[in-house]
**Q** 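Okay, handing you the structure first.
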Amino acid sequence: MTYARIWLAAVIFTIGPASSLDAQPRTAFPALRGVALTEFPRLVRLTDNVYGYEEIRAPGFTTVSLVVIGSNGILIADGQGSVQATQTMLTKIHEVSPLPVRWYVVGSDHGDHTAGNSALPKNITYTVSPASKLQLEKDAKGATPPRVVIVPPTAMTSNSEIIDVGGTTVHVLNLGRAHTGGDILVQLPKEKILFMSEVFLNRVFPAMRSAYPTEWVHTIDNALALPIDRYVPGHGFIEAPKASREELIVFKGALVAVIKEVTRLHTLGLSVDDAIKQANWGEYKEWFLADQQAAVAVRKVYEELDGKLK
Ligand SMILES: [Zn+2]
């Protein structure tokens with residue numbers, strides 16, 4: 001095949017019979033994706049009553065929440081990073097439904113998903129893993145006004161709970177530790193949607209500050225084994241169903257590659273600082289947050305290799 005023919009085949013393959021989301025560049029950078037920042041925040045319709053909510057936060061990528069609208073109330077999985085951002089999300093949700101928010105699932109306990117939770121109604125029901133409840137308790141003790149950390153009153157007592165969101169069945173799942181250690185996923189079995197919170201960072205360099213690197217890979221395998229059509233990330237863009245599965249596999253590949261590269265450097269006997277300097281991240285160097293998260297990943301994988309990660 002000549003170069004021209006290969007090029008032509010690539011163009012036809014790329015344009016192909018795909019939805020507009022399938023055809024979008026696979027990246028977490030809004031500019032490369034071709035989406036103007038003025039389009040955010042926005043609700044991405046997944047079904048008649050299920051939405052993803054994409055809002056831009058510093059340093060310029062999306063934080064995603066899940067919104068399920070039942071006949072008698074609304075469930076939100078993951079909030080936004082400030083009271084104002086979560087308030088804006090509630091306003092946006094109420095443009096599509098006047099019903100009250102009645103349920104909230106703590107997918108990630110990190111501040112960029114929970115710091116706005118004091119804007120939520122006071123009488124809602126929280127679902128949180130024991131590990132994330134513990135983390136939020138610690139954060140609440142360390143919080144200085146005006147920062148308020150909302151701590152759910154009770155934690156999950158098993159790895160799976162069912163919530164009836166006014167006729168829509170929601171499964172809340174703990175499939176293993178990953179990005180925070182308290183990671184919770186939200187499955188809609190009938191709609192075959194899985195909101196993965198920060199277990200799935202779409203085209204974002206694996207962020208490992210509080211992660212369990214090897215277990216994270218297994219947790220993604222557990223998610224891939226479920227009968228799911230559409231995987232929704234906690235950061236990065238919401239993809240069309242087919243692309244969402246492909247991208248989850250790509251993200252798992254990034255995790256595996258990062259662990260492999262750090263293991264190589266560890267085996268050479270390098271110090272953490274030298275490993276940070278010498279690491280070769282290949283294509284993942286171009287991913288969002290690579291500049292700030294690469295060193296964090298080296299430290300965390302070293303911790304795991306040295307048996308210091310409990
Ligand atoms: Zn986050």
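Order of appearance sets the numbers: ligands from 1, and atoms from 1 within every ligand.
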**Q** Testing the 3.5 Å rule here: is there a donor-acceptor pair between the side chains of His179 and Thr219?
**A** no

**Q** Under 3.5 Å, is there a donor-acceptor pair between the Glu261 and Asn280 side chains?
**A** no

**Q** So which N/O/S atom does Glu198 have closest to the Zn ion (ligand 1)?
**A** OE2

**Q** Tell me the angle that NE2 of His113 and OD2 of Asp112 form around the Zn ion (ligand 1), rounded to 10°.
**A** 100°

**Q** Is any N, O or S atom of His110 under 2.8 Å away from the Zn ion (ligand 1)?
**A** no

**Q** Looking at Asp221 and Lys252, is there a salt bridge between them, counting it only when a charged N and a carboxylate O are closer than 4.0 Å?
**A** yes

**Q** Taking atom types as modelled, is there a side-chain donor on Glu304 or Thr214 under 3.5 Å from an acceptor on the other?
**A** yes

